[in-house]
Amino acid sequence: MPAVQTVVTRFAPSPSGHLHVGGARSALFCWAFARQHGGRMIVRIEDTDQKRSSDAASVGFLADLKWLGIDWDEGPTYEGTGGGPHGPYFQSERLDLYNRCLQQLIDAGHAYYAFETPEELDVKRKAALAEKRAYRYDRAALSLSAQEIAAKLAANTPAVVRFKCPGHAVTIHDEVLGDATIPAEEIDDFVIRKADGFPTYHFAVVVDDEFMQVSHVMRAQEHFTNTAKHMLLQDALGFRRPAYAHMSIICNPDGSKMSKRDKDKTLRAAVKAKASAQPQSLAAPPAGTDGSPSVAQVDWDRWLSDKNVQLDFDSAQRLAEALCVILPEINVDDFRRSGYLPEVLCNFLALNGWSPGNDIEKFDNQFLAKHLRLDRIQKTAAKFDRAKLLSFNTDAITGMPREAFIARARAHGEQFHGDFIRALPAQAFDRLAAASHERSKTLEDLFAGNAWVVAADDSPAISPDAKTIDKVLLKSDPATGGTGLSHLTALHAILATTPDTSWNPEALEPIITAYAAEAAAGHMGKVAQPLRVALTGGTVSPPIFDTLCILPKARALARIAQVIALAKRD
RNA sequence: GGCCCCGUCGUCUAGCCUGGUCUAGGACACCUCCCUUUCACGGAGGCGACACGGGUUCAAAUCCCGUCGGGGUCACCA
């Protein structure tokens, strides 16, 4: 009796920067499918392109996966996860294996050496393009004699190895897309080993999937046509055929493919716009907010001269600030920084391309693992709708227990707003977080919207502008004749006499409510807004009693006095 | 351009396989009103799609053909 095949999925990113949302969704589905079948999920780093790989980048990927709650059974070791019997899990460390398989192919006549230079091929490719036909390798190397090949190899002539296609059409069976037949003439003798001795993606993937016993290849649709090549390679090597499931691409609202390059695209557009106004601005990187160059000069020059070069996260961020543009969130890490919850991101990503039916939209990873069906994965590309993501995030935040929100907000702050956390006593932070909970759409809102809490009392940042002073403090109320300023003055006196032990929302509420009833015809807004402006410099903050008590009594009174003086001066 | 895939509200989708229960359901966004100490939240209502054209059938969003539109891919990147 044949053994029941274990489900083995793999997520195989190339280590170029952080994990982006499309990759995250692939990983999530791989994880869910493996869990559903009690199988294994492998993470494999496809670092066969020496120019584009870095160790730091692969670690970034792993951190992103962990944060999303996606754990792997085999793969690089990271914080207690990883390892396994089929390693190493970096392709750059598996060259011996690839070479063995390559030799097998050459010996069997399924692969051959070719010596054209990239430049020569490029010329032929361009000619084909000019004639509006698809370029196919012309197999010139096949007419070389054994002696000629041996001589060239002996002379260390740069050589690639190409796969000799058998010349028949290939039918792909896809769990999502169904069957598709690729005609024979569409598949040419593709390179399987590069001149630098590294395998190409096609070759390494096929070899690793076999030796790692992968049963289900789940990846993005951009790989769909490649599948034919992989199948041919499997046949030539006598390998098993995994099941394939290609999922749709995730797009920007404009329909273009959502890509890591989008950040650089945004920056390049802004730089170009600036340069057309002042051409000399290209010479040096724009100065950041602190006056120093936003990007190092060498990086700047390289970035300008090559459109394929991407800026690292910090440089891109500083340049964006200098140019006053907002970078789109593309990578998982971007969404993390923006204060999205990992479980919400997973939920939303899964929903872009899969649905359990029955009008169910909100679910967790466990639910996904239980209900995912490959044939229910959407065939069409989805546009990534940030507004809906935000709405999901808002629901998740407002729906969680108060204590959980405070803890998560603090963790987010410790990660990304160390200054804020350090500037505030723990108790005050808890009070602020509690007061901000129900109006927070993201974890980030708490910090972005409450800078007044950590600003110095005399900071210009919390000084109201003239328009606000005029509207909130100086305009008189036709109903009572009072102004914001008069309320503020009266309130300052009242608050100054309250005992220190009453400096909490519960004690202050009746006092201020009573004042509003008496002096503002019960219109709390007439009283609350002037206080809010005095304390925060702006017209938006948590409920007024909380806003009052987050600061110590003395500092709150000082801010009120300060604004009274300011308004009187005007 | 060749090849492959896809095509339901602005967006994500349910329905399609196994035609009738679909005057096409849900969610987000948007609009209106209500609530309200700001901003939010919340409540009620509204707008809004089967790409088009032919078939097949008593009956088509569902099956067939064509057209148009979109995406992917054609690297010594993955």
Side-chain angles (χ1 to χ4, degrees), chain A residues 12-16 46-49 51-53 114 116-118 121-122 125 128-129 131-136 158-162 172 174 176-178 180-183 185-188 190-196 198-202 204-205 219-226 228 246 248-249 251 253 255-257 308 348 351-362 375 378-392 394-395 398 436 438-441 445 449 472 512-513 516 523-529 531-533 536 538-545 547:
Chain A
S14 61
S16 49
E46 311 228 319
D47 56 348
T48 54
D49 183 359
K51 293 188 291 291
R52 289 212 285 173
S53 296
E116 290 87 353
T117 64
L121 293 172
D122 211 39
R125 237 191 307 272
L129 195 71
E131 292 172 36
K132 294 200 168 187
R133 58 185 171 80
Y135 169 76
R136 299 285 174 262
V160 300
V161 177
R162 285 180 182 271
I172 305 167
D174 191 276
V176 175
L177 265 12
T181 301
I182 311 292
E185 53 290 4
E186 287 302 313
I187 314 164
D188 73 350
F190 54 97
V191 172
I192 55 179
R193 188 175 69 179
K194 304 181 252 183
D196 64 5
F198 276 67
T200 59
Y201 160 76
H202 304 298
V205 155
R219 49 161 46 156
Q221 264 177 35
E222 63 204 56
H223 293 294
F224 187 68
T225 338
N226 290 333
H246 287 92
S248 60
I249 309 271
C251 294
S256 65
K257 184 172 149 188
N308 291 320
F348 186 70
L351 204 59
N352 269 260
W354 177 78
S355 155
N358 298 118
D359 293 337
I360 295 170
E361 286 204 308
K362 304 277 179 75
D375 59 6
Q378 199 73 18
K379 297 177 178 179
T380 52
K383 295 189 177 101
F384 194 86
D385 183 358
R386 285 153 212 281
K388 185 157 180 170
L389 205 216
L390 220 212
S391 165
F392 273 35
T394 307
D395 287 352
T398 51
S436 304
E438 55 196 4
R439 59 186 40 67
S440 292
K441 298 185 170 193
D445 284 351
V472 180
I512 294 174
T513 308
H523 293 122
M524 181 58 86
K526 302 286 180 202
V527 178
Q529 280 309 78
L531 276 173
R532 201 178 320 268
V533 166
T536 73
T539 52
V540 178
S541 84
I544 195 61
F545 311 115
T547 299

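In what follows, chains are A, B, ... by sequence order, proteins preceding strands, each numbered from 1. A quick note: this is a predicted structure, and the numbers were derived from the prediction, not measured.
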Worksheet item: Does any donor atom in the side chain of A/T536 or A/S541 lie under 3.5 Å from an acceptor atom in the other side chain?
Response: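 Note: A/T536 and A/S541 side chains miss the donor-acceptor criterion.
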
Look through every strand shown and name the nucleotide pairing with [N] as Watson-Crick or G-U wobble, where both distances are under 3.5 Å.
N	value
B/C3	B/G72
B/A24	none
B/C39	none

Discussion item. Among residues at least two apart in sequence or on other chains, which ones pass side chain to side chain contact (heavy atoms under 4.5 Å, CB included) with A/T539?
Written reply: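 For A/T539 the side chain to side chain contact (heavy atoms under 4.5 Å, CB included) partners, ignoring immediate neighbours, are A/T468, A/V472, A/Q529, A/V533.
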
Worksheet item: Atom CD of A/E186 and atom P of B/C4: how far apart are they, to the nearest Å?
Response: 7 Å

Worksheet item: Rounded to whole angstroms, how far apart are CZ on A/F190 and P on B/C77?
Response: 14 Å

Taking only nitrogen or oxygen atoms into account, show me every contact under 3.5 Å that the protein makes with nucleotides 33-42 of chain B, one pair per line with its distance.
from  : atom 1 : to     : atom 2 : distance (Å)
B/U37 : O4'    : A/G525 : N      : 3.4
B/U37 : O2     : A/R532 : NH2    : 3.1
B/U38 : O4'    : A/Q529 : OE1    : 3.1
B/U38 : O2'    : A/T539 : O      : 2.6
B/U38 : N1     : A/R532 : NH2    : 3.3
B/U38 : O2     : A/T539 : O      : 3.4
B/U38 : O2     : A/S541 : N      : 2.9
B/U38 : O2     : A/S541 : O      : 3.1
B/U38 : N3     : A/R532 : NH1    : 3.2
B/U38 : N3     : A/S541 : O      : 2.6
B/U38 : O4     : A/R439 : NH2    : 3.3
B/U38 : O4     : A/P543 : N      : 3.3
B/C39 : O2     : A/R439 : NE     : 2.9
B/C39 : N3     : A/R439 : NE     : 3.3
B/C39 : N3     : A/R439 : NH2    : 3.0
B/C39 : N4     : A/R439 : NH2    : 3.4

Item to complete: Verify the contact: side-chain N or O of A/R219 to OP1 or OP2 of B/G72, cut-off strictly under 4.0 Å; return yes or no.
Response: no

Discussion item. Salt bridge or not between A/K362 and A/D395? Use side-chain N to carboxylate O under 4.0 Å.
Written reply: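 So A/K362 pairs with A/D395 through a salt bridge.
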
Atom pairs, N/O to N/O, protein against nucleotides 8-13 of chain B, distance under 3.5 Å?
from  : atom 1 : to     : atom 2 : distance (Å)
B/C12 : OP1    : A/K383 : N      : 2.8
B/C12 : O2'    : A/L351 : O      : 3.2
B/C12 : O2     : A/K388 : NZ     : 3.2
B/U13 : OP1    : A/G353 : N      : 2.6

Worksheet entry | B/C63, syn or anti by chi within 90 degrees of zero |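 What B/C63 shows is an anti base, its glycosidic angle lying more than 90° from 0.
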
Worksheet item: Where the side chain of A/R136 meets the backbone of A/E185, is there a donor-acceptor pair that is under 3.5 Å apart?
Response: yes

